[in-house]
Structure formats: C-alpha cells, structure tokens
Amino acid sequence: MYALVDGNNFYVSCERVFRPSLTDRPVVVLSNNDGCAIARSNEAKALGIKMGAPWFQIRHLEDDARLVALSANFELYGDMSDRMMSLAAGLGHQQEIYSIDESFVDVSGIRGDLVHRAHQIRSRIQQWVGIPCCIGMGNTKTLAKLANHIAKDAERKPGSYPAHLAQVCNLESLSQKDKDALFALTPVEEVWGIGRQISKQLHAGGVHTIHDLLQLDPATIKRGWSVMLERTVRELRGIPCVDLEDSGQARQQIACTRSFGKAVTDYRDLEEAVTTFASRAAEKLRHQHSLCGQVLVFIRTSPFGKTAQYSRSMVVPLRRPTDDTAHLVQAALLGLQSIFKDGYDYAKAGVMLMELQSDQVQQMELRLEDEPDRDRSRLMLALDTVNTRYGKGTMKLGSAGATQRPQNWTMKQMRRTPRYTTDAQEMVLVRA
DNA sequence: TCTGGGGTCCTAGGACCC
DNA sequence: TCTGGGGTCCTAGGACCC
C-alpha cells in the first residue's frame with residue numbers, strides 16, 4: 001500500500017510562501033533563460049496557459065490579466081523540497097523521493113484511519129513549510145498516482161470528482177462500485193505511464209477511460225503495445241509490479257546542459273561553457289560517489305531559428321574511470337574540438353557523464369606510464385569543500401573563464417527572486 | 001527578439017560468438 | 001531441392017516521467 005504526496009503547483013507555491021501578495025493571482029515560473037512556463041498557479045491554468053508555453057507567446061497576459069512571471073529559483077525550490085519531504089516521510093515506514101515535489105511512502109501495515117492520518121500530515125506540511133499538497137493512496141504506485149490526480153482535481157475543479165475526495169483520496173477505502181465510477185470518469189491519458197502517443201493509439205482503438213482499458217486482457221496489451229503498458233494495466237488492477245525504490249541509489253547518468261542567453265559563435269565561449277558544465281557534472285558525480293567511464297559532449301544551433309542548423313555530439317571514452325574534474329573536462333574539450341564547426345550560431349551545449357560505477361570498486365591494472373595520482377582525490381575534496389563553503393565556482397579550472405573576461409554564454413534570468421532560505425545575504429527581513 | 005533541463009526504460013537491428 | 005540454433009552486446013531511437 002502506497003501513498004503519493006505531491007506539492008500543488010510546487011514552484012509557484014514556493015514563491016508564494018515568501019510573497020503572499022501572489023496569492024489568488026495568476027503566476028507562472030519560467031524555465032532557464034526565461035524561456036517557457038514550467039509551473040502555473042491555478043489562476044494561470046484557468047487563463048488557458050499550457051505547460052511549456054513559450055513566454056513570448058503569453059507575455060501579453062502581464063498587462064491583460066495581471067499575470068506575474070518569475071525566473072526559476074531552483075536553489076529555493078530544492079531547499080523547500082527537503083523540508084516538505086522530511087514531513088511527508090512521517091506518513092509511513094519508507095519513502096522514495098520521486099521528484100522535487102513528489103514522494104511515495106510505503107504505508108502498508110499502518111494502523112488507524114489512513115485518510116485521517118494523511119490529512120494531518122497534509123496540514124502539518126501546509127503549516128510548517130507553507131506548501132499545499134495532495135495525497136493519494138492505493139495498493140500500487142500507479143493507483144496512488146491516480147488517487148493523487150483525483151484528490152487534486154476534486155479540489156481544483158469542483159464537480160469533476162466527488163468533493164469528499166479532495167486533497168486526500170484513498171482508493172482502497174472505497175467500494176468496488178465507487179472505484180468503477182471513478183475509473184469510468186478518468187481518461188486514459190491521466191494514468192502514470194500513458195503519454196501522448198499511447199493514448200492516441202488507445203483512443204483510436206475505442207479505449208477512452210480507465211474503465212475501458214481494464215476491459216482488455218494483459219496478454220492482448222502486451223501483444224498490441226508493450227510490456228510497459230501491460231505492467232501499468234496490472235498495477236491499475238491492484239497487482240503491484242513496481243517496487244519502492246531506494247532514494248539513495250546512484251544515478252546511471254549525469255547531465256549538465258544549458259541553452260545560452262544569446263547565440264554563441266566564438267569557440268572560446270563554447271570552451272568556457274563546456275568546462276563549466278563538465279565541472280558541475282563532476283561535482284554531482286563525486287557527490288553520489290561514482291566514477292565515470294565516458295563523457296558525451298554536444299553542441300547545437302536553435303531548432304527554432306531560421307539560420308543554418310548544426311547539431312553534433314561525441315562520446316569520449318576515458319583512459320580509466322575517474323571523478324577528477326580536470327580529466328573529465330579534458331575529455332569534454334577534446335570532443336568539443338572535433339565537433340566544433342565555425343560559422344554557426346550555437347544555442348545550446350551540454351555534457352553527459354555515462355558508464356557510471358561506484359567509486360568503491362577499483363579495476364586493478366598493470367603498471368602503466370601514467371599511474372593514477374593518489375593526491376588527486378584530495379585535491380578534488382579540497383575543491384568541493386571550498387566551493388561548498390564559499391559558493392559555487394569560487395575555485396575553478398582556468399578554461400572555465402577568467403573573471404575579467406565577459407561571459408557571453410550565461411543564461412538569462414531577469415525575474416529571479418531571492419534565495420530566501422539558503423543565502424544569508426538574501427534572507428527575508430522582518431521589521432517590527 | 002523570444003521556445004528548459006534531467007532522468008528512466010524498452011525495442012529493434014546489426015555484429016559477433018560458439 | 002536443400003542453407004541451424006541459440007545467445008550476448010552495442011547502438012540508436014522512441015516513449016515516458018517530472
């Protein structure tokens with residue numbers, strides 16, 4: 001039995017905690033470069049703003065509808081997330097943090113009224129952190145996600161679902177008849193794991209609601225679609241197929257990619273950007289105690305532009321698995337060198353670290369001319385310690401750019417709010 | 001003028017192995 | 001006329017998630 005705790009309009013809700021004047025107003029949070037809307041308040045959704053809508057297309061709503069747009073402040077959201085997660089964990093024995101605003105909690109064997117308990121956790125999160133959230137519960141993770149969707153819609157769109165399911169919805173406390181009614185009300189595209197393509201195919205086959213989907217037998221689904229969809233349908237029937245994952249598990253891939261604030265044409269600028277991305281990725285790598293076996297670097301022009309298009313990537317294998325910033329940057333720059341072509345307006349670049357493995361495992365090798373340098377790991381530790389204490393980028397590689405040189409590739413963030421909870425210089429001031 | 005970033009898993013096809 | 005069977009690994013691409 002699982003619960004899914006999910007913050008409502010999470011990024012917007014984080015901003016509202018520190019700016020109550022944003023309450024009841026349409027608010028969106030913009031992606032990096034203030035490119036498109038990645039979070040919307042209910043009022044913004046009501047204006048018809050779609051997820052991912054480009055800012056230049058909706059910007060007229062600033063005047064027309066008092067829309068407020070903010071640049072993404074991920075440092076703030078990450079910190080608010082930590083606070084919310086630690087309270088959500090109190091719901092059961094084990095928690096999987098699934099994304100910045102969602103966590104699954106195993107509530108099997110918890111005694112007492114689960115719905116009551118969930119309401120308590122919910123109001124605690126609201127009061128202590130300031131984030132409104134909804135909680136869905138079901139026998140499988142897919143059902144918990146579905147219950148969460150119902151809890152949200154019941155609250156946001158009165159009449160869509162029975163009102164008593166708003167905010168907290170436990171599917172397992174309902175009768176089969178009531179569950180069937182909810183299944184008949186819910187379109188297949190609301191199910192976790194059913195996206196645009198598959199729902200289009202399902203609709204074409206006359207399958208519109210979860211109720212319709214459950215009429216098909218798993219074998220047919222596997223034959224007609226995939227094992228993934230089969231698994232989803234089994235989960236909807238209450239048969240657990242997806243376990244709670246250990247949140248401490250290391251990622252299999254680490255990426256750092258960015259769009260530039262304006263077109264980049266100069267190789268030097270790309271070199272700075274790629275160095276910075278590889279360094280950032282290396283920090284994340286060391287943070288999860290992994291080593292990397294190969295580095296991918298890519299550059300590309302804007303797919304939306306009318307200028308000449310160019311997009312290339314290259315995988316650079318490493319001499320031996322490493323977490324050393326200098327080695328990873330070196331590999332990334334080697335790749336950059338061979339894919340760079342003069343004369344294009346570059347819009348984006350990125351570095352991905354692949355073939356990750358634990359840093360506790362060491363492949364022994366014959367003595368070779370360049371033996372790994374034991375002091376390097378102490379250097380990396382010093383680098384991370386300095387940058388944690390004095391701020392990102394305090395100490396960096398020379399190719400990341402000298403401070404005197406203007407940075408031509410950094411992203412645009414015209415509307416960022418203060419880092420209220422993580423930077424002493426930006427704390428909220430209260431006047432008595 | 002202006003369109004994000006970071007992940008996971010599955011599948012099909014080709015190369016190669018015995 | 002007739003041309004095996006079973007397996008692994010790698011890659012590219014697609015679909016999905018938030």
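Hydrogens, waters and symmetry mates play no part in the numbers below; they use all other heavy atoms, side chains included. The sequence lines fix the lettering, A, B, ..., with proteins before strands; numbering per chain opens at 1.
At whole-Å resolution of the value, CD1 in A/Ile58 and C1' in B/dC2 are 12 Å apart. The distance from atom CZ of A/Arg280 to atom C1' of B/dG5 is 13 Å, rounded to the nearest whole Å. When the C1' atom of C/dC10 is taken as reference, atom CE of A/Met354 falls 12 Å away, rounded to whole Å.
Using bins of under 30°, 30° to 60° and over 60° for the plane-to-plane angle, the ring pair A/Phe277/A/Phe260 lands in the parallel bin. Below 30°, between 30° and 60°, or above 60°: for A/Phe340 and A/Tyr346 the angle between ring planes is between 30° and 60°, a tilted geometry.
Taking a 4.0 Å limit (strictly below) on heavy-atom distances, residues 261-279 of chain A does not reach DNA chain B anywhere. Annotation: proximity of residues 222-238 of chain A to DNA chain C (heavy atom, distance under 4.0 Å) is found for no residue.
Of the two residues near DNA chain B, A/Phe304 and A/Gln253, the one whose nearest nucleotide lies more 5' is A/Phe304.
Under 4.0 Å is where a charged nitrogen must lie from a carboxylate oxygen, and between A/Lys200 and A/Glu189 no such pair does.
A donor atom on one side chain and an acceptor atom on the other are not found under 3.5 Å apart for A/Thr322 and A/Asp324. Remark: the A/Tyr2 side chain and the A/Ser108 side chain contain no N/O donor-acceptor pair separated by less than 3.5 Å. For A/Gln413 and A/Ser71, the side-chain atoms include no donor-acceptor pair closer than 3.5 Å. Side-chain contact annotation: A/Asn9 with A/Lys45, donor-acceptor N/O pair under 3.5 Å present.
B/dG4 and C/dC17 are spaced 15 Å apart, taking the C1' atom of each and rounding to whole Å.
Ring pair A/Phe104/A/Trp192: centre-to-centre distance below 6.0 Å.
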